[in-house]
Amino acid sequence: MGDFNAILQLLPFTLLVLIIAFTVHEFAHAYSAYKFGDPTAYKEGRVTLNPRVHLDVLGTLLFVIAGFGWAKPVPVRRSNFKKPRLMGVIVSFAGPFSNLVLGFLGLIVFYVLLNYTGIVGWSDGVQKAVLIFMILFVKMNVLLFILNLLPVPPLDGYRILEDVLPVAGREKLRQYEQWGMLVLLLVAFVPPLYRVTLGPIFSLQYDIIYAFNDLIGSLFGQRLPIDQFFRLIG
């Protein structure tokens with residue numbers, strides 16, 4: 001019951017972070033594809049930061065429940081690119097990279113809030129809410145960066161793998177594409193599988209966040225006690 005109550009308390013913050021993260025992620029795909037010469041996403045109204053055109057309700061809820069999910073995929077026609085495979089890799093990578101950038105910028109904002117805004121003088125409730133939102137913002141964006149680079153359909157890492165493999169390799173890979181979502185569901189919901197697959201991979205988020213904290217902390221002259229803030233979200 002305690003864990004369930006904690007999830008409910010974090011739910012508004014989690015959903016707000018996901019709305020921002022998914023929207024920027026899909027916008028990055030659409031914008032980069034448009035700039036490389038593919039107008040498909042632009043014609044469908046996807047080159048926008050309006051969340052309504054990017055969010056998938058089921059994919060968002062599944063991320064809250066299981067730690068992975070999705071937004072509406074951006075349509076991309078690689079045949080419109082001058083260099084289809086190279087530009088395809090860049091467009092696919094643009095989404096996860098945008099989440100990594102958001103995580104980094106979020107941590108900078110965290111430092112600014114704590115050092116220059118007088119947050120310690122705010123009411124306890126407001127202060128806690130801001131801290132929870134910021135640490136979730138950093139953590140979940142870095143997690144989305146890692147998740148989306150997994151070479152499993154329908155994730156971006158799979159599309160990148162398709163573009164870097166030779167033709168024969170791509171054709172062989174596509175034989176197993178239909179099983180991608182099933183594999184993700186199995187490793188997410190079966191604890192023994194999660195512990196030896198997604199668990200170790202997702203734990204890389206902490207290495208990235210600690211590296212960001214070291215870098216930003218050196219610029220500000222002191223490091224945030226990031227572990228203390230992680231305790232706010234369990």
Which heavy atom in [X] sits nearest to a heavy atom in [Y], and how many Å separate them?
X    : Y    : result
N148 : P96  : CB-CG, 3.7 Å
S203 : P200 : OG-O, 2.6 Å
K72  : L55  : CE-O, 3.1 Å
P154 : L184 : CD-CD1, 4.3 Å
G95  : S98  : O-OG, 2.5 Å
F145 : F93  : CE1-CE1, 4.2 Å

Could you tell me whether the side chain of [Y] reaches within less than 4.5 Å of the side chain of [X], counting heavy atoms only?
X    : Y    : result
Y176 : V183 : no
L198 : L193 : no
I146 : I208 : yes
R195 : P191 : yes
I20  : V17  : no
F13  : I233 : no
Y158 : L150 : no
F81  : V76  : yes

For the residue pair N141 / H25, report whether a side-chain donor-acceptor contact shorter than 3.5 Å exists.
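No pair is found: no donor N or O on one side chain lies under 3.5 Å from an acceptor on the other.
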Under 3.5 Å, is there a donor-acceptor pair linking the side chains of Y34 and N80?
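Side-chain D/A pair, Y34 to N80: absent.
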At what distance, to the nearest 0.5 angstrom, does [atom1] of [X] lie from [atom2] of [Y]?
X    : Y    : atom1 : atom2 : result
Q222 : N115 : CD    : CG    : 5.0 Å
L144 : L155 : CG    : CG    : 10.5 Å
L102 : M140 : CG    : CE    : 12.0 Å
L215 : L219 : CG    : CG    : 5.5 Å
L165 : K172 : CG    : NZ    : 12.0 Å
T23  : R52  : OG1   : CZ    : 11.5 Å

In this structure, would [X] and [Y] fall into the same cluster of hydrophobic residues linked by side-chain contacts under 4.5 Å?
X    : Y    : answer
L161 : M87  : no
V167 : V89  : no
M181 : V74  : no
L114 : L105 : yes
Y31  : F36  : no

For the pair [X] (side chain) and [Y] (backbone), establish whether a donor and an acceptor sit closer than 3.5 Å, ignoring hydrogens and angles.
X    : Y    : value
Y111 : I216 : no
Q205 : F202 : yes
N99  : A21  : yes
D38  : R77  : yes
H29  : V91  : yes
R46  : P73  : yes

Atom pairs and distances, donor-acceptor, side-chain atoms in residues 121-136, under 3.5 Å, two or more places apart:
{"unit_1": "S123", "atom_1": "OG", "unit_2": "V126", "atom_2": "N", "d": "3.3"}
{"unit_1": "Q127", "atom_1": "NE2", "unit_2": "I119", "atom_2": "O", "d": "3.4"}

Take T48 and N50 through the side chain to side chain donor-acceptor pair (under 3.5 Å) test and state the conclusion after the steps.
CA-CA 5 Å; T48 176; N50 181 351; 5.2 Å; no
Please list, chain by chain and in numerical order, all residues satisfying salt bridge (Lys or Arg N to Asp or Glu O under 4.0 Å) with R159, sequence neighbours excluded.
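R159 satisfies salt bridge (Lys or Arg N to Asp or Glu O under 4.0 Å) with E162, E177 only.
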By salt bridge (Lys or Arg N to Asp or Glu O under 4.0 Å), which residues pair with E44, not counting sequence neighbours?
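With neighbours one apart ignored, the set is empty.
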Test ring pair (Phe, Tyr, Trp, His ring centres under 6.0 Å) applied to F110 - qualifying residues, sequence neighbours left out:
F229
Filter on salt bridge (Lys or Arg N to Asp or Glu O under 4.0 Å), then keep only pairs touching residues 208-229, sequence neighbours left out; what's left?
D214-R223
If you count the non-hydrogen atoms of other residues, nucleotides and ligands that lie under 6.0 Å from OH in Y210, is the total more than 12?
yes
Step through it carefully: locate the ring centre of Y206, locate the ring centre of F230, and say whether they are under 6.0 Å apart.
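Between Y206 and F230, the centre distance is under 6.0 Å.
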Which residue pairs pass the side-chain hydrogen bond (donor to acceptor under 3.5 Å, both in side chains) test with at least one member in residues 85-96, sequence neighbours excluded?
R78-S92
